[in-house]
Chemist: 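To start, I am sharing the structure in question, which I have written as structure tokens.
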Protein chains: 2
Amino acid sequence: MNIDVLLEKTGLKKTYPRKIILGLFEDRDQFLSADDIAKVFQEAGHPVPLSTIYRILDQFVEKHLVSEVHIETAQVKLYERAHAHHAHHLICTECEKIIHVESCPVHDYESDLEDTHGFKVTHHTLNFYGLCEACQKAHA
Amino acid sequence: MNIDVLLEKTGLKKTYPRKIILGLFEDRDQFLSADDIAKVFQEAGHPVPLSTIYRILDQFVEKHLVSEVHIETAQVKLYERAHAHHAHHLICTECEKIIHVESCPVHDYESDLEDTHGFKVTHHTLNFYGLCEACQKAHA
DNA sequence: TCGTAAATGCAAGTGATTATCATTTAGAAA
DNA sequence: TTTCTAAATGATAATCACTTGCATTTACGA
């Protein structure tokens, strides 16, 4: 979907920083930190302060345009384009590439937990760490 | 196992702060932040600076006496006693209680990932968020 | 074109964690 | 037991990611 249309839907004004940031997430399906985004603006010759970037990211999360990803090994907040489907991540500990996987192996297990522990699960996080195909070959 | 013996095994000197901190993890099986620990010292009338507490936690993690837990709803680092077995957590979003579960539903799935995505998994993290039994009753 | 709420940009502020360094201390050696 | 020394502590300052306050600017509906 078009960037402008997406922004219109949310009621947020179409400003330069917002269009560029949303474009980064929509065009390529990448994981970005506020700092990564600041670098893009910097390199484009039109710097945008981090305060603005953080504010926009918060708004995009609230409007479900992007979502925060929780990666244990990352010490900064990372964001990705919001996905319609529940998904998990494969994180390469070598090159830090993150792969999206849209299947979930623990759905049945959640009802087990209710029986065994009386715990009512609302959601979960599941990340796999290891080596991606390319890094395995590089190591071999 | 005895606190003193545990410390001797690691080669770390048996100091007051280290004995108290290790005791907190060993006696009760609780999740603690650096700040939680500082409060304990404070209340015991023998304050210990946060810098010391952080250093000791790092050392304990390195020596595998405790391990860091990654809870996405927590904005501070949390630590728990190191467990011999692979485990997962049930985190109550209401009272923030954390329950340990020593079964794992995704072991088979990891070999699937290698087939489908060429990704070699070395480890994973899995946390469930929801309501514990007590909080469910309180809500009902 | 105007008016106004919303958005930006800058600067200062937070809060958790880390680093520096002088002083103290555990524990081995004499 | 005393001495010695590397290790540990305590106090302070520094960092780093992120947030907030506020004056200025701007998108966009009237």
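Throughout, protein chains are lettered first and strands after them, A, B, ... in sequence-line order, and every chain is numbered starting at 1.
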Chemist: Any donor-acceptor pair under 3.5 Å linking the side chain of B:T52 with the backbone of B:V48?
Modeler: no
Chemist: Please state how far atom CZ in B:R55 lies from atom P in D:dG10, giving the value in whole angstrom units.
Modeler: 9 Å
Chemist: Please report the distance, rounded to the nearest Å, between NZ in A:K13 and C1' in D:dA27.
Modeler: 5 Å
Chemist: Rounded to the nearest Å, what distance is computed from the CD atom of residue B:E68 to the P atom of nucleotide C:dT17?
Modeler: 9 Å
Chemist: If you compare every side-chain N and O of A:T52 against the phosphate oxygens of C:dG9 (OP1, OP2), does one of them come in below 4.0 Å?
Modeler: yes
Chemist: Could you tell me whether A:F128 and B:H123 have their ring centroids closer than 6.0 angstrom?
Modeler: no
Chemist: Distance check needed: C:dA5 P versus A:L12 CG, whole Å only.
Modeler: 18 Å
Chemist: Please determine if a side-chain N or O atom of B:Y54 lies less than 4.0 Å away from the OP1 or OP2 oxygen of C:dT18.
Modeler: no
Chemist: How long is the line joining CG of B:L50 and P of D:dA14, in whole Å?
Modeler: 18 Å
Chemist: Among the candidates C:dG9, D:dA27, D:dA17, find the nucleotide nearest to the side-chain atoms of A:V76.
Modeler: D:dA17
Chemist: Is A:S51 side chain donor-acceptor paired with the C:dC10 base, going by distance under 3.5 Å alone?
Modeler: yes
Chemist: Rounded to the nearest angstrom, tell me the gap between atom CZ in B:R18 and atom C1' in C:dG27.
Modeler: 12 Å
Chemist: Above 12 or not: heavy atoms from other molecules or residues under 6.0 Å from CD of B:E114?
Modeler: yes
Chemist: Which of these nucleotides, C:dA7, C:dT18, D:dT9, is closest to any side-chain atom of A:Q59?
Modeler: C:dA7
Chemist: Between B:H46 and B:Y16, does the ring centre distance come in under 6.0 Å?
Modeler: yes
Chemist: What is the distance, to the nearest angstrom, from the CG atom on A:D58 to the C1' atom on D:dC18?
Modeler: 10 Å
Chemist: Do B:H64 and B:H83 have their ring centres less than 6.0 Å from each other?
Modeler: no
Chemist: What is the distance, to the nearest angstrom, from the NZ atom on B:K14 to the P atom on D:dA7?
Modeler: 17 Å
Chemist: Let me spell it out: for each of B:D35 and A:Y16, pick the nucleotide of DNA chain C with the closest heavy atom. Which residue's pick is nearer the 5' end?
Modeler: A:Y16
Chemist: Look at the side-chain N and O atoms of B:K77 and state whether any lies under 4.0 Å from the OP1 or OP2 oxygen of C:dT18.
Modeler: yes
